[in-house]
Each structure stands twice: as C-alpha cells, then as structure tokens.
Amino acid sequence: MGVDNYKLAMWTFLGSECFFFGSLIGTYMSYRGKSLTGPYPLDVFDPAVTSISTFDLLASSLFMVLAVHYAKMGDINKMLAWIGATMVGGLIFLGFQYYEFSHFVHEGLTLKSNLFGATFYVLTGFHGTHVAVGVLLLGSLGWAAKRGHLANVGETTEVIGLYWHFVDVVWIAIFTLVYLLEYT
Amino acid sequence: MSAPQQQGGGHASADHNPIRGYLIIFAILTATTVFEMIPLFGLADLPGWLLLVLSAAKFVAVCSFFMHLLGDHPIFSRLFYIPLVMVILTVSVLMTLFGTWSLQYQGEDSDAVAAHYKGKHKGDCNSWVTSAATGNVYCSSPWIPFSTAPAYEALQQPAADIPEFAGFDGKTPEEKEAILVKVGEAVYGTNCAGCHQANGQGITGVFPTLVADPVVAGPAEAHINIVLKGMNGVAINGVTYASAMPAWPQLTDQQIAAAITYERRSWGNQGTVVEPSQVAALR
C-alpha cells in the first residue's frame, strides 16, 4: 500500500486499544449510579484538579504535534525541546493523578469500597499507566534522536506521537463520561 | 465540527507552514473545553447530549488534525474508526441494558443520595458525613487538604459492636425485634438488596424473591446456614437460579441476626425473630 510499516502497526495497535478502553468505559458506564454505599462521585470529585489535568494533557498534545513537525523538518534541537515539554505535560498529569487518587483513598474511596471505586480506579488507573508508558517512550525517543540512533527521526516521532495523541483522546472521553456527566 | 479544513493533514507539505493550523485547532479545543466546564463549576447546566457531542467533536478534531487522519492514507482511518464505532455501539447497548443513560441512584437511601447529588455540595464544607444506613463515614467536601483530614479508617464504626445492641440480652422480645429490624434494614440495604432488591422481590429468574419464600417462613437454622455458608444450584419453588448465593462469614453475628430478622419480619413475612446467639451457635 506504500505506507510506513511502523505507522500501520501503530494504528492497528490503537484500534485494539479502542477495545481495551471500550471494555473499561463500558463497565464504568454500566455501573454508573449503582453503588449501594458512598463515597459517591460528587463526594470526592475536585473540579479544579480535573480541569488543570485536562488542559495540561490538551497542551501536551499541541507540544507533541510541534515536536513531530520539527522532527520532519530535520530540526532536532527544536524537536527535542518540544519532546521535553510534552514529557513535562505527562509528568504533571501523573502528579495530579497521584494527588487525586491519594485524596480519594483518604476520603474512603478504594478499589473495594463500592462499584464506583472499583470501576473508577481501574479505568483511570489504566489511562494513567498509558500516560506513564508514553512518557517513557518519549524519553527513549529523545535519547535515541540525540544520539543519532534513528534512521528516520520524522517517521519514528510521528508514530510515537500517534500513541501520545491517543492517550489524549481517551482522556477527552473519560473527562466527559466520568466527570462532566455527573454534573448534568 | 467547525475546525478549519485548510490545514488538514498538511504536515508533509514543505511550502506550507502548518503551525498556524495547529494553533487554531488547539485554540478551538481549548475554547470547547472551557465551555464544557461551565456545569463543572456550577455556573449553568448543560444537557448531557451536548457534552457528548462536543466531546466527540474534540475527539475527531485531534484524530483528524493532530494525528493527521484527514489527508493520510484511508487504511489508517479504517483501522481506527471501525473499532471505535464498534466500541461506541457496545457501550451504548450496555448502557441501555443496564438503564444508565440517566442516573437513578440505588444507594442506601435513594432520596437522600439523589438530594446529595443534586445539591452538589462543594463549597467550604468542612464536615464528615455519616451514612444513616451503613454507619460509613466520609467527607462531604473534597476541599480538605488530605494531610490534615482525620484518617477514614479511624472514623469507621467497629463492626463487632453495634451501639443499638447495648444491653440487648436484658430487653423484652418486642424491644429486641425492634432493634434487630432497625439495624437489619441497614445491613440488608448494604449487603443483600443488590440482588434481592430493597423490596425483597429479587429479580425473576435471576435472584430469588424473599417474599413468601419457604426458607424465610421456615425454621431459622436453615436461613442462618444459607447466609453463613452460601447456596448454589438449589431449586426454589421449581426454579433453579444460575447465580450462586455467596457466603457472608465476614458479617458479625449481630449483623447477620439483624438482616435475617429484617427479612423474616418484612414485606408481609411472618417468620421468627433470630438473635445473635443463634447465629453464633451455627458458625
């Protein structure tokens, strides 16, 4: 077909990731409002933390697309700078998730407190794991690009960028389904 | 979706700087997100369908312009959007089957829970809420720094010693029954109502009804044994149920006696009262 093999593999993988997150989101949405005891979502949700996390991840997607742009232009220094900015965005997101989880546990919401806790932590926890994997991927990409180990920096950056944007669009879905819909 | 089209998939064209397009997309995404947050901060209500549509638009915008699906080889779009559509259909069907398109709270006291949700108590609340039914304690506000908040575990009622049972052995049979039914309603609501339902009717063909059930009307020993040890594959009134009744040894003698008494004295049932000592004897 004349398309890059790695890119084709990444899109195939992201298609399967749709099913992975689809199963977790389907479970969360099926048990929505079915918890028999608290804490309930609005007892623990913190709009400020969620908002900052959301904007942070959105901005990281912009940084990522800029990194891809400069990688394709052959400007490795600018590409590395935007890769670094994207990684900082991911780390900030993970920091807020650590804060949010410890906060929720302190208020009595654990994996085993109720259906909300079980489905919420599994869904958002796996998303956070994907963010962490993305940060590691970006780190190794930056390191390999700087050392000149990559045959085609532009293609490799684009493929890893696809993974990063996917993690961002999953958050777009989680942000609406898990958080926003509680406030309607 | 109102994203500008001129930048679609334009990352590869050397004579055209796509950064301006990326910034425009980012500005639209940010503005949409700010708009979505209106209900998050209680400024106004937005309908759920609008939030879903906006979220889908943001999703497609990122895929089209940041992931360059628009303008790239169509095989990538097919690989991604076909699974995505299947997932959306699956989740929609699940939500229809489970009836969760609109929230209907099934908590311990559904009216109070609904009021709690609708009140959206955020503000500066600094208090701990005790659930009337379960005795669970949790903070009603997320704004307490967690380093200064008292530990959740420290606020839990010790399960072995329910306050209502103080001086239980010296009470009259009527007083004992009143205590058992009162505590039992909460224990039942937390542990049993998920399957047998708050009205004891169960779900036809899935979870057995407790109303006019031979075990609930019969000797207490059989009833206690089923709660303590569980039950599976037994036909009730000619119906065999696929789902097993789990064992509940983690509940205390007081909790089990209360829940069983509540079942035996509610919804028109006329079974005998069960005291904690009877449960202890059968453990």
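Residue numbers begin at 1 in each chain, while the letters A, B, ... track the order of the sequences.
Between B:F66 and A:H165, the ring planes are tilted. Angles from 30° to 60° get that label.
To the nearest 0.5 Å, the span separating CH2 on B:W49 from CG on A:L181 amounts to 13.5 Å. For the atom pair A:F13 CZ and B:F80 CZ, the distance stands at 11.5 Å (nearest 0.5 Å). In this structure, CG on B:L23 lies 6.0 Å from CG on A:L62, to the nearest 0.5 angstrom. Atom CD1 of A:I25 sits about 9.5 Å away from atom CD1 of B:I88, to the nearest 0.5 Å. Between the OG1 atom in B:T30 and the CG atom in A:L58 there is a gap of 4.5 Å [rounded to 0.5 Å].
For the set B:F76, B:F26, B:W101, B:F98, the count of heavy-atom pairs under 4.5 angstrom toward chain A peaks at B:F76. Here B:L40 is the residue among B:L94, B:V91, B:L52, B:L40 with the most heavy-atom pairs under 4.5 Å with chain A. With chain A as partner, the option from B:M95, B:M86, B:M37 having the largest number of non-hydrogen pairs under 4.5 angstrom is B:M37.
With a threshold of 4.5 angstrom between heavy atoms, B:T90 does not approach chain A through any atom at all. Only the side chain of B:L69 comes within contact range of chain A, with heavy atoms under 4.5 Å apart. Within the 4.5 angstrom heavy-atom criterion, atoms from both the backbone and the side chain of B:V34 approach chain A. Only the side chain of B:F41 has a heavy atom closer than 4.5 Å to any heavy atom of chain A. If you measure heavy-atom distances from B:L46 to chain A, the contacts under 4.5 Å come from the backbone alone.
The nearest pair of heavy atoms linking B:D72 to A:E158 is OD2-OE2, 4.2 Å. The two residues A:T176 and B:L51 make their nearest non-hydrogen contact at CG2-O, 3.7 Å.
More than 12 heavy atoms of other shown residues, nucleotides or ligands fall within 6.0 angstrom of atom CZ in A:F101. Few gaps surround CD on A:E100; more than 12 heavy atoms of other groups in view lie less than 6.0 Å from it. Heavy-atom neighbours of A:F126 CZ from other residues, nucleotides or ligands within 6.0 Å: at or below the threshold of 12.
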